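Notes follow the structure.
We count ligands from 1, going down the list as the structure has it; atoms in each ligand are counted the same way. Note that this is a predicted model, so its numbers are computed, not measured.
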Amino acid sequence: MVFLLGYEVFRAVSILAVAYSDLSVGLMLAVFSYLWVMVTPIQDIINFQYVLATAKSACKRIEAIYAMEQEPLVHEKYNPFVGKASVAIKIQNLSFAYQKDKAILRNVSLTIEAGKKVAIVGASGSGKTTLSHLLVGFYPLDSGEILYDDIVHTDLNLSTIRENIHLILQHPKLFNDTMLFNLTLGKDYSEAKVQEALHIAQLDEVIQGLDLGFDTMLGKDGIKLSGGQRQRVAIARMILSDPKVVIFDESTSALDVHTEVRLFDALADFLADKTVITIAHRLSTIQSASFIYVLDAGKVVDSGSPSELLSKDASYFASMI
Ligand SMILES: Nc1ncnc2c1ncn2[C@@H]1O[C@H](COP(=O)(O)OP(=O)(O)OP(=O)(O)O)[C@@H](O)[C@H]1O
Ligand SMILES: [Mg+2]
């Protein structure tokens, strides 16, 4: 305002100077045009203040991230994931609470042999997702331990665990970026590999339906895709990262039964040698598991093969899922 008012006052004075003194009209116009040339850099200097203020607040946020406590780094003596198709997972007396005195998991113990397909079932809120988060080290345990091929979790870096154990979240996170970025997360994969992953994840038709194919922007949280398509993107991501252990946390809950069957048929070869943990409510999703653990209120209350559990207590088991 002050700047523009000043400019107008200057013009008024110049006009008066032309009227009452010997300033010529030509000179006045020349001064106006030179003044206009000067305005732009002055406005740039004024705008710089805003840029500086934004940069300062951005720096503050970055500083806050750097000031955060870092995840512990340990000296790994032995990496159980190297040179093997998969690993066994053993959970011993694991207890965990998000808030003190409100235990979510109580004394959970279970064993999953390498390469086996295991399912975890239980009512909503029984702690299944929490258990899967603990397996990939999202939270520190309150007590107990997790052994990956007899190596205790505290002897491994969290990055090692996360590189080799892929958790497909109940609600996959997608970025406001292209389809390709959302699949590869910025890593380099050959086109053949990406196509293969898409094919297994039943996404070929979805890609063909997008306006710009791989270059389509998916919008915030992948808003342009349906829930089931987002879940399949998360599965394609897992196929590309080729982990040793895969945890499906309700990862196909939004798919219709036919697509789900096709997906798991296509995945069968890929998962053949890997340890797989499936968390699901739908009986169809877990029927192929070789062993099932039943979780209730944070405790393992039952376990056995699908046929054993169904014959033992069919009504109870059916009501759980
Ligand atoms: N981040 C969190 N902070 C505090 N409490 C949480 C948090 N996440 C989950 N909980 C609580 O932990 C309990 C178990 O939640 P969890 O997500 O593990 O259940 P779930 O068995 O996966 O259920 P669902 O079948 O509905 O997915 C719930 O009572 C929930 O309120
Ligand atoms: Mg859950």
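Ring pair Phe248/Phe264 is perpendicular by interplanar angle, where above 60° counts as perpendicular and below 30° as parallel.
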For residues 91-105, tabulate all N or O donor-acceptor pairs below 3.5 Å that involve a side-chain atom, not counting sequence neighbours.
{"unit_1": "Asn93", "atom_1": "OD1", "unit_2": "Ser109", "atom_2": "OG", "d": "3.3"}
{"unit_1": "Ser95", "atom_1": "OG", "unit_2": "Asn107", "atom_2": "N", "d": "3.1"}
{"unit_1": "Tyr98", "atom_1": "OH", "unit_2": "Thr130", "atom_2": "OG1", "d": "3.1"}

Quick one: side chains of residues 67-74, donor-acceptor pairs under 3.5 Å with protein atoms, not counting sequence neighbours, listed by atom name and distance.
{"unit_1": "Glu71", "atom_1": "OE1", "unit_2": "Arg162", "atom_2": "NH1", "d": "3.2"}
{"unit_1": "Glu71", "atom_1": "OE2", "unit_2": "Arg162", "atom_2": "NH1", "d": "3.3"}
{"unit_1": "Glu71", "atom_1": "OE2", "unit_2": "Arg162", "atom_2": "NH2", "d": "3.1"}

Step by step, work out the salt bridge (charged side-chain N to carboxylate O under 4.0 Å, His left out) result for Asp149 and Lys84.
-> CA-CA 10 Å; Asp149 257 0; Lys84 290 181 211 161; 2.7 Å; yes

Checking ring pair (Phe, Tyr, Trp, His ring centres under 6.0 Å) for the pair Phe48/Tyr50: CA distance, chi angles, key distance, verdict?
-> CA-CA 5 Å; Phe48 182 69; Tyr50 299 116; over 10 Å; no

As a test of reading the model: which N/O atoms of the protein lie under 3.5 Å from N/O atoms of ligand 1, and at what distance?
{"unit_1": "ligand 1", "atom_1": "8 (N)", "unit_2": "Tyr98", "atom_2": "OH", "d": "3.4"}
{"unit_1": "ligand 1", "atom_1": "18 (O)", "unit_2": "Thr129", "atom_2": "N", "d": "3.4"}
{"unit_1": "ligand 1", "atom_1": "18 (O)", "unit_2": "Thr130", "atom_2": "N", "d": "2.9"}
{"unit_1": "ligand 1", "atom_1": "18 (O)", "unit_2": "Thr130", "atom_2": "OG1", "d": "2.5"}
{"unit_1": "ligand 1", "atom_1": "21 (O)", "unit_2": "Ser126", "atom_2": "N", "d": "3.2"}
{"unit_1": "ligand 1", "atom_1": "21 (O)", "unit_2": "Gly127", "atom_2": "N", "d": "3.0"}
{"unit_1": "ligand 1", "atom_1": "21 (O)", "unit_2": "Lys128", "atom_2": "N", "d": "2.9"}
{"unit_1": "ligand 1", "atom_1": "21 (O)", "unit_2": "Lys128", "atom_2": "NZ", "d": "2.9"}
{"unit_1": "ligand 1", "atom_1": "22 (O)", "unit_2": "Thr129", "atom_2": "N", "d": "2.9"}
{"unit_1": "ligand 1", "atom_1": "22 (O)", "unit_2": "Thr129", "atom_2": "OG1", "d": "2.6"}
{"unit_1": "ligand 1", "atom_1": "23 (O)", "unit_2": "Gly125", "atom_2": "N", "d": "2.8"}
{"unit_1": "ligand 1", "atom_1": "25 (O)", "unit_2": "Lys128", "atom_2": "NZ", "d": "2.7"}
{"unit_1": "ligand 1", "atom_1": "25 (O)", "unit_2": "His281", "atom_2": "NE2", "d": "3.0"}
{"unit_1": "ligand 1", "atom_1": "26 (O)", "unit_2": "Ser124", "atom_2": "OG", "d": "2.5"}
{"unit_1": "ligand 1", "atom_1": "27 (O)", "unit_2": "Gln170", "atom_2": "OE1", "d": "3.2"}
{"unit_1": "ligand 1", "atom_1": "27 (O)", "unit_2": "Gln170", "atom_2": "NE2", "d": "2.8"}

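Screening Ile200, Val246, Ile239 for a side-chain contact (heavy atoms from CB on, under 4.5 Å) involving Leu271 leaves a single residue, Val246.
For the pair Lys187 and Tyr189, the cation-pi test (distance below 6.0 Å, angle within 45°) is failed.
Between Phe32 and Tyr34, the distance from one ring center to the other does not fall under 6.0 angstrom.
For Glu8 and Arg11, the salt-bridge test passes: some basic side-chain N is under 4.0 Å from an acidic carboxylate O.
By the criterion of a separation under 2.8 Å, the protein N/O/S atoms near the Mg ion (ligand 2) amount to Thr129 OG1, Gln170 OE1.
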